[in-house]
Amino acid sequence: MDFQSVLDEIYEQVKQSENRGTVASYIPELGKVDPSKFGIYLLDHDKKGYEAGDANERFSIQSISKVLALSQAFGLEGPDIWKRVDVEPSGDPFNFLSLLELEKGIPRNPLINAGALVICDILISHLKDPKQDFLNYVRSLANDDSIDYDEKVAQSEKKTGFRNVAAANLLKSFGNIHNDVSDVLDFYFYQCSLSMSCKQLANTFFFFANRGKCIRGHEFLNLSQIKRINAIMLSCGFYDEAGEFAFRVGLPGKSGVGGGIVAVHPEKYCIVTWAPGLNAKGNSAMGMQALEQFTSRTGLSIF
Ligand code: DON
């Protein structure tokens, strides 16, 4: 299959889209990003890369980082992780709080904000220097030491992340945060501020398409663990739009409010899009269109 021509055609077509969404501004620093940015990167199973547009420009990966934190925590803690966070789709926005009260402090899944805060807490309990050790984990997965946090984005969210502060305190009141709430929030805001390009994200997420082995061939998770995280991405990666993403695109994936989307087809490829304008559910409007076109044109969805 001529992936390059497919990407070029999709890029040209989606770039003209009138349905471009709105850039997130509830984290003030994200509101400064140029809404016309658009990039696509595909890494196939033979590690050959294909790109279009702004595929090498770094952006704030935000919630996409939750999958990487989950994978590090799952590797360290094993199946006990599921005692503290469930694996059911929430059908609610990523920052919704009432379910947490109803379900006694056990978040529906690790990809909504409350679940990701519990994962941060688990990592803090395991790691000596959580921020640095998590960064090293991501660098090692990507085989790229230039990956880093964006200090400005982290500080910007720290000043305005009131709902996350509320969620962390509610979790603490149910006993599902073991460390200091302020340490958990600080780690979470830094984790979300990771700045990466489409290409760097594809290299990092390659192991989800490669039975747990990273681009250098080192095993980070076993096949059973990879199956479980891919399943969680499919059912929970897009919050109250997870059904729509599975219906239109048909791949496990994860979005972030920085406008990135990562999607994987086990043993076939990993694809990443970046377009900062978000739809009403907080997922990249043009990214969804590009990925729907990609799996429709190539026939390469998991279904
Ligand atoms: O906690 C937040 O609100 C952000 N740091 C991350 C949210 C996010 O990316 C949701 N994804 N679509």
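Atoms within a ligand are numbered from 1 in the order they appear, just like the ligands themselves.
- Between Asp44 and Lys268 no salt bridge is recorded (no basic side-chain N to carboxylate O distance below 4.0 Å).
- Taking atom 2 (C) of ligand 1 as the reference point, the nearest protein heavy-atom neighbour is Glu157 OE2, 3.1 Å.
- When every heavy atom of Leu251 is checked against every heavy atom of Ser301, the shortest pair comes out as CD2-CA, 4.0 Å.
- Some N or O of Val257 is nearer than 3.5 Å to an N or O of ligand 1, by distance alone.
- Annotation: cation-pi pair Lys213/Phe207 absent, no NZ/CZ under 6.0 Å from the ring centroid and within 45° of its normal.
- In this structure a side-chain-to-backbone donor-acceptor pair under 3.5 Å is present from Gln200 to Ser197.
- At under 3.5 Å, a nitrogen or oxygen of Asn164, whether backbone or side chain, sits near a nitrogen or oxygen of ligand 1.
- In terms of polar-atom proximity, defined here as any N/O pair under 3.5 Å, Lys254 makes no such contact with ligand 1.
- Of all the atoms in ligand 1, the ones that sit under 4.0 Å from a non-hydrogen atom of Gly282 are 12 (N).
- The shell of residues lying under 4.0 angstrom from ligand 1, judged by heavy atoms, includes Asn113.
- The protein atom (non-hydrogen) at minimum distance from atom 1 (O) of ligand 1 is Tyr188 OH, 2.5 Å.
- Ring-centre distance between Phe294 and Tyr269: below the 6.0 Å cut-off.
- Close placement of the Phe205 and Phe208 rings is indicated, their centers lying within 6.0 Å of each other.
- Ranking protein heavy atoms by distance to atom 12 (N) of ligand 1, first place goes to Tyr239 CE1, 3.3 Å.
- At the shortest separation from atom 8 (C) of ligand 1 among protein heavy atoms lies Ser63 OG, 2.4 Å.
- In summary, Glu241 and Lys281 do not engage in a salt bridge, as defined by a charged side-chain N under 4.0 Å from a carboxylate O.
- Side chains of Tyr239 and Ser63: a donor-acceptor N/O pair is present below 3.5 angstrom, by distance only.
- For ligand 1, the atoms lying closer than 4.0 Å to a non-hydrogen atom of Cys192 are 5 (N).
- Nearest protein heavy-atom neighbour of atom 3 (O) of ligand 1: Tyr26 OH, 2.6 Å.
- For atom 4 (C) of ligand 1, the closest heavy atom belonging to the protein is Gln62 OE1, 3.1 Å.
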